[in-house]
Engineer: 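I am attaching a structure below and will ask some questions about it afterwards.
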Amino acid sequence: MARHLITSALPYINGIKHLGNLVGSQLPADLYARYLRGRGHEVMFICATDEHGTPAELAAAKTGEPVAEYCARMHAEQSKLAAGFGLSFDHYGRSSSAQNRWLTQHLAGKLDEAGLINEISEKQVYSIDDGRFLPDRYIEGTCPNCGYEKARGDQCENCTKQLDPTDLINPHSTISGSTNLEVRETKHLYLRQSAMKDQIAAWIDSKTDWPVLTTSIAKKWLFDGDGLQDRGITRDLDWGVPVQKGDQPWPGMEGKVFYVWFDAPIEYIGATAEWADANGGDWERWWRTDKGAGDVTYTQFMGKDNVPFHTLGFPTTIMGSGEPWKLVDYIKSFNYLTYDGGQFSTSQGRGVFMDDALSLLPADYWRWWLLSHAPESGDSEFTWENFQQSVNKDLADVLGNFVSRITKFCRSKFGEAVPEGGAWGEAERDLAAALTARIRAYEGFMDGMEVRKAAGELRAIWVLGNEYLQAAAPWSTFKEDPVEAAMQVRLGLNLIALYASLSAPFIPFTAAALREAMNSGDSWPDDIDTALSALPPGHAFTVPDNLFAKIADDEREEWTERFKGIRA
RNA sequence: GGGCCUGUAGCUCAAUGGUCAGAGCAGGGCGCUCAUAACGCCUUGGUUGGGGGUUCAAGUCCCUCCGGGCCUACCA
């Protein structure tokens, strides 16, 4: 038994997440966590809401709530949706927690002691009417280069020229529209990533088994142009972790907070501490190599947009602190899921969101489609037609109908208990051998986090059941040799119990329903003969309701229409 | 502009430089009747985006052109 720490990229607090967010981090992380638990490993699966930053403040202002209340409400809502999708976090924390505040301030203090913090005075645009400094992207004006009127402060979307906000003609705040802007001097802390460049580069170089997507993004940032740059880690905002050196004040930084990207990854640790405080556990044995975390394998899941922060910023924080924190062992990164040709977009309300999804269909439908089409090698596209076909064929026909045909046949001929008599012949031994080969392949893909291939292998395992049943044909055998048919049916019923265990990481709700119907346990099939005799003769079961209703054409058409625009 | 990823069957995707480029779905045929008209077997379908090059051998490596996507450090 090994110990696995698993973290999913933190969903931002600003609104309900869409299916693209879900498949890029939380869902595959859950798949892996469930699988490892199923194999008997000790797992700590952590996620949290990322609650700081300008967008959270603006979203709260829009609803008229104090930002703390807004975040509390949205956290509760996201927790509920996460539970609805079966995301099996050991703890779903909040980056605004006291634990994270303490850790963030502590690490900043250690980085300062190590000489890795610079104080830099700089000029930024301040909006007098908004009462806040404006990030470059919140300033719009006319591009001095091409005359495009909606150029942003950082870059003109029209001519792609890099801009400084002061370059813009007629600049205004995108928050209020105000043109009452001025340039003010402000002091910020910078994390000296450049000083850690060689150490980070050597570390990345040692990770030869990481996805290309992960290492190529990291290397681009490390070596492009002048190489890894220092990064501002503070902001002039009200909502966030107050800038302190540990528990001491930071002279000159009063009223400022740490940048959301400094404190967000630290919340992986913070959330584990939250878990420990809530459950009486020990978080340090997961995070401190001097306190028991030496045998932990740490895996992070995230979308590609998060990779720079996890390969450069957070490791700089961890390594630079000089303390024995646990570093990530493997970063599994994902491309994007697109929606009918374009991007899913939280800000534009484009695509299918987690709450919509659960209102239409049970979580397992979505889990299966999303995981079996996970954007691993490149962006992948969600279309309603593809979704309908996959779900109907894979879940309803291949798996659902298999369960239905064997349980109903048994009930009509033998009653609702596992029938006795008969012994395996060649067909059964062949099936067992085929199952073993496929299960070992499935385990290999799951160990390697090859999500789509694992889904394909699982489906192939389901298909083996139908092939066997078709060849054995107990409905024919029964007429000549009821004892032989009893053996075939008994094997079929045991296959259902086997499928419940194997499928649980992908479709946990269905797996639970199967276990309940079959009165079976959830042990992993290390040995196929044992697994296929888990339900002994006489073992009572019930015929479950159809596991999956098919998606009808008119439903698909209605949903296609309903979700084609942008949602309010 | 720069960097990275990507283009393979109608669709979604596979293929350490090495048999005849493979699966699933969709399409066609046959079988079966336990089952959610479900299942099984067989089968049609490809100049691997275009062009050039390296090699005994290229989907794979190099160059070039075309198309799609992402990132580019103050959105997170």
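Lettering of chains follows the sequences in order, A, B, ..., and the numbering in each one begins at 1.
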Engineer: Checking Tyr126(A) now: which residues fulfil ring-ring contact (aromatic ring centres under 6.0 Å, His included) with it, not counting sequence neighbours?
Structural biologist: Phe133(A)
Engineer: Go ahead and write out RNA chain B as dot-bracket, 5' to 3': ( ) for pairs within the strand, [ ] for ones crossing earlier pairs, | when the partner sits on another strand, dots for unpaired; Watson-Crick or G-U wobble, both distances under 3.5 Å.
Structural biologist: (((((((..((((....[...)))).(((((.......))))).....(((((..]....))))))))))))....
Engineer: Under 4.0 Å, heavy atom to any atom of RNA chain B: which of residues 444-459 of chain A qualify?
Structural biologist: Arg452(A), Lys453(A), Arg459(A)
Engineer: Output side-chain donor-acceptor pairs under 3.5 Å for residues 188-195 of chain A, partner residues at least two apart or in another chain, one line each.
Structural biologist:
unit_1: His188(A); atom_1: ND1; unit_2: Thr234(A); atom_2: O; d: 3.3
unit_1: His188(A); atom_1: ND1; unit_2: Thr234(A); atom_2: OG1; d: 2.7
unit_1: His188(A); atom_1: NE2; unit_2: Asp236(A); atom_2: OD2; d: 2.9
unit_1: Tyr190(A); atom_1: OH; unit_2: Glu122(A); atom_2: OE1; d: 2.9
unit_1: Arg192(A); atom_1: NH1; unit_2: Gly115(A); atom_2: O; d: 2.8
unit_1: Gln193(A); atom_1: NE2; unit_2: Gln229(A); atom_2: O; d: 2.8
unit_1: Ser194(A); atom_1: OG; unit_2: Asp230(A); atom_2: OD1; d: 2.7

Engineer: Answer yes or no: is there a donor N or O on one side and an acceptor on the other, between the side chain of Asp481(A) and the main chain of Glu484(A), under 3.5 Å?
Structural biologist: yes
Engineer: Identify all pairs in which a protein N or O lies below 3.5 Å from an N or O of nucleotides 60-62 of chain B, and state each distance.
Structural biologist:
none

Engineer: Please list all pairs meeting salt bridge (charged side-chain N to carboxylate O under 4.0 Å, His left out) that have one or both residues in residues 304-314 of chain A, counting only residues at least two apart or in different chains.
Structural biologist: Lys304(A)-Asp379(A)
Engineer: For Pro474(A), report the nucleic acid contact type (base, sugar-phosphate, nothing); a contact means any heavy atom under 4.0 Å.
Structural biologist: nothing
Engineer: Tell me every residue that passes ring-ring contact (aromatic ring centres under 6.0 Å, His included) with Phe506(A), counting only those two or more places apart in sequence or in another chain.
Structural biologist: Trp368(A)
Engineer: Could you tabulate the donor-acceptor pairs under 3.5 Å formed by side-chain atoms of residues 446-454 of chain A, not counting sequence neighbours?
Structural biologist:
unit_1: Asp447(A); atom_1: OD1; unit_2: Tyr35(A); atom_2: OH; d: 3.0
unit_1: Arg452(A); atom_1: NH1; unit_2: Ala374(A); atom_2: O; d: 3.3
unit_1: Arg452(A); atom_1: NH2; unit_2: Ser377(A); atom_2: OG; d: 3.2

Engineer: Could you tell me which residues satisfy ring-ring contact (aromatic ring centres under 6.0 Å, His included) with Trp221(A), sequence neighbours excluded, listed by chain and number?
Structural biologist: none
Engineer: Show me the protein contacts with nucleotides 70-72 of chain B, counting only N or O atoms at under 3.5 Å.
Structural biologist:
unit_1: rC70(B); atom_1: OP1; unit_2: Gln343(A); atom_2: NE2; d: 2.2

Engineer: With rounding to the nearest 0.5 angstrom, report the CZ to CG distance, Arg556(A) to Asp553(A).
Structural biologist: 5.0 Å
Engineer: Can you check nucleotides 27-32 of chain B for protein contacts, nitrogen or oxygen pairs under 3.5 Å, and list what you find?
Structural biologist:
unit_1: rG31(B); atom_1: N2; unit_2: Gln470(A); atom_2: NE2; d: 3.0

Engineer: Any salt bridge (charged side-chain N to carboxylate O under 4.0 Å, His left out) involving residues 399-413 of chain A? Give me the pairs, sequence neighbours left out, ordered by first then second residue.
Structural biologist: none
